[in-house]
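One structure is given here, and the rest of the page talks about it.
Letters A, B, ... mirror the listed sequences (proteins, then strands); counts begin at 1. In what follows, every heavy atom counts, from backbone to side chain, and hydrogens, waters and symmetry copies are set aside.
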Amino acid sequence: MEPEIKIVNVVVSTKIGDNIDLEEVALILENAEYEPEQFPGLVCRLSVPKVALLIFRSGKVNCTGAKSKEEAEIAIKKIIKELKDAGIEVIENPEIKIQNMVATADLGIEPNLDDIALMVEGTEYEPEQFPGLVYRLDDPKVVVLIFGSGKVVITGLKSEEDAKRALNKILETIKEVQEL
Amino acid sequence: RLRKWQRRIRVSDAAERNLAFALSELDRITSKLGLPRHVRENAAIIYRNAVEKGLIRGRSIEGVVAAAIYAACRRCRVPRTLDEIAEASRVDRKEIGRTYRFLARELNIKLTPTNPIDYVPRFASELGLPGEVESKAIQILQQATEKGLTSGRGPTGVAAAAIYIASVLLGCRRTQREVAEVAGVTEVTIRNRYKELTEHLDIDVTL
DNA sequence: GCTTTAAAAAGTAATGT
DNA sequence: ACATTACTTTGGAAAGC
């Protein structure tokens, strides 16, 4: 059995309009925060699905916190409808692009982080600063955080398939390290 | 011609001024931390290498100096924590850590994670503990390392717990508060590591 | 580089009972 | 001595400083 991979966060971007008046949007959407002095984007939190949306004057939108691309799509459709109902010009079916995904998994073994750091290129292990070992893979181009418990976090993902490939690579290199 | 000549003088002037500033900062911080001469010289070499490779661009001189000192301390096995160096310099720990990683990568400085044992002599002497306690603490840490009890934990916390245990075992007890103070960790951390070490290494600490 | 958003891992920290 | 909350690390986009 392969380790179970759980997607815990999906970051997506899209464009829902042009020259959006964020002051106006802030009044339309209830859980909206807009403080241009602090950040140029408007922050909107939804409870279902539980995500946070960043809306910019350019009409570009980021959605974070979703567990899948579909969930992010539902969230974006929701705010599009609300803005449309309020009379704001919006793009109805915008193209949605996955920018990043975060996944967790359990290797099922307790790796020796010191040995991995010593023998594997592209690793950083500074327990004084963080308990996990940072491993940057070239293909797929992702970053894996490996912990002494065997739990791992994979980020920088563009697809679930990459998570599987990354996990298999990690398991392979750890086995090699254990043998040497 | 003359312009080019003048520009060269200006550039070398600036470079000299920067180097002089960097070295004076290096002196100031290393003496503030009470670091031995060989560590200071090692840090100076690291800094010069960084300058030669043009690694200072986009970074503050002080940040690179602080990171060079941090790296030199570890390489010479007389580690200082990022917090200690951040306090002695006027650079925050985040930037020192980031710059250190950058220097390590670009200058091919390969350092293994700080060994908790390297902190023992300094912490023990600051606590006025005898050599026997130091040896006992080191022995505990060696066993702990073999059993993987140091992996992922902060080196200072594990070292502090080992010293605390050793001091109790050899009858020159220091309180958790005293040990926590010199190690720069909280008593909660010492307690957590203490539990782990005594349980997994079958150490009887009866008070 | 920074600012803001979300989420996980494990360790450490600050506060509170 | 506990618990709770919060911060460390990683990735990416957005617009502006």
Original post:
Is there a side-chain polar atom (N or O) of Arg98(B) under 4.0 Å from OP1 or OP2 of dC2(C)?
Top reply: yes
Original post:
Can you check the Asp83(B) CG to dG11(C) C1' distance for me, whole Å?
Top reply: 14 Å
Subject >> Nucleotide nearest Val11(A) (side chain, heavy atoms from C-beta), chosen from dA7(C), dT10(D), dA6(C) >> reply: dA6(C)
Subject >> Whole-angstrom distance between dA13(D) and dA8(C), as gauged at atom P >> reply: 23 Å
**OP:** Just call it for Arg101(B): base, sugar-phosphate, or nothing, with non-hydrogen atoms closer than 4.0 Å on any strand.
**Re:** sugar-phosphate
**OP:** Examine dG11(C): is either OP1 or OP2 under 4.0 Å from a nitrogen or oxygen in the side chain of Arg193(B)? Give yes or no.
**Re:** no
**OP:** Kindly indicate whether a cation-pi arrangement holds for Arg174(B) with Tyr164(B), taking the cut-offs as under 6.0 Å to the six-membered ring centre and within 45° of the axis.
**Re:** no
Subject >> Neighbours of DNA chain C within residues 144-158 of chain B, by heavy-atom distance under 4.0 Å >> reply: Gly152(B), Arg153(B), Gly154(B)
**OP:** Examine dT8(D): is either OP1 or OP2 under 4.0 Å from a nitrogen or oxygen in the side chain of Arg93(B)? Give yes or no.
**Re:** no
**OP:** Kindly say if Lys94(B) contacts the phosphate of dG1(C), meaning a side-chain N or O under 4.0 Å from OP1 or OP2.
**Re:** no
Original post:
Does a side-chain N or O from Lys141(A) land closer than 4.0 Å to OP1 or OP2 of dT10(D), or not?
Top reply: no
Original post:
Asn9(A) or Thr189(B): which one's nearest nucleotide on DNA chain C is closer to the 5' end?
Top reply: Asn9(A)
Original post:
To the nearest angstrom, how far is Glu33(A) atom CD from dT3(C) atom C1'?
Top reply: 14 Å
**OP:** Starting from P on dT8(D), measure out to CZ on Phe147(A) and report it in whole angstrom.
**Re:** 15 Å
Original post:
Whole-Å distance between dT4(C) C1' and Gln99(A) CD?
Top reply: 16 Å
Original post:
Would you call Lys50(A)-Glu71(A) a salt bridge at under 4.0 Å N-O?
Top reply: no
Original post:
Can we say Asp162(A) and Lys158(A) salt-bridge, meaning some charged N sits less than 4.0 Å from an Asp/Glu carboxylate O?
Top reply: no
Original post:
Quick one: which of dG11(D), dT5(C), dA9(C) gets closest to the side chain of Thr64(A)?
Top reply: dT5(C)
Original post:
Touch check for Lys15(A), heavy atoms < 4.0 angstrom, all strands: base, sugar-phosphate only, or nothing?
Top reply: nothing
Original post:
With a 4.0 Å cut-off on heavy atoms, is Gly63(B) in touch with a base, just the backbone sugar-phosphate, or nothing at all?
Top reply: nothing
Original post:
Of all the choices, dA13(C), dT5(C), dA10(C), which nucleotide is nearest to the side chain of Pro131(A) once you look at every atom?
Top reply: dA10(C)
Original post:
Reckon Thr186(B) has a side-chain N or O less than 4.0 Å from the OP1 or OP2 of dT12(C)?
Top reply: no
**OP:** Give, for atom CD of Glu62(B) and atom CD of Glu25(B), the distance between the pair rounded to the nearest 0.5 Å.
**Re:** 5.0 Å
**OP:** Look at the side-chain N and O atoms of Ser58(A) and state whether any lies under 4.0 Å from the OP1 or OP2 oxygen of dA15(D).
**Re:** yes
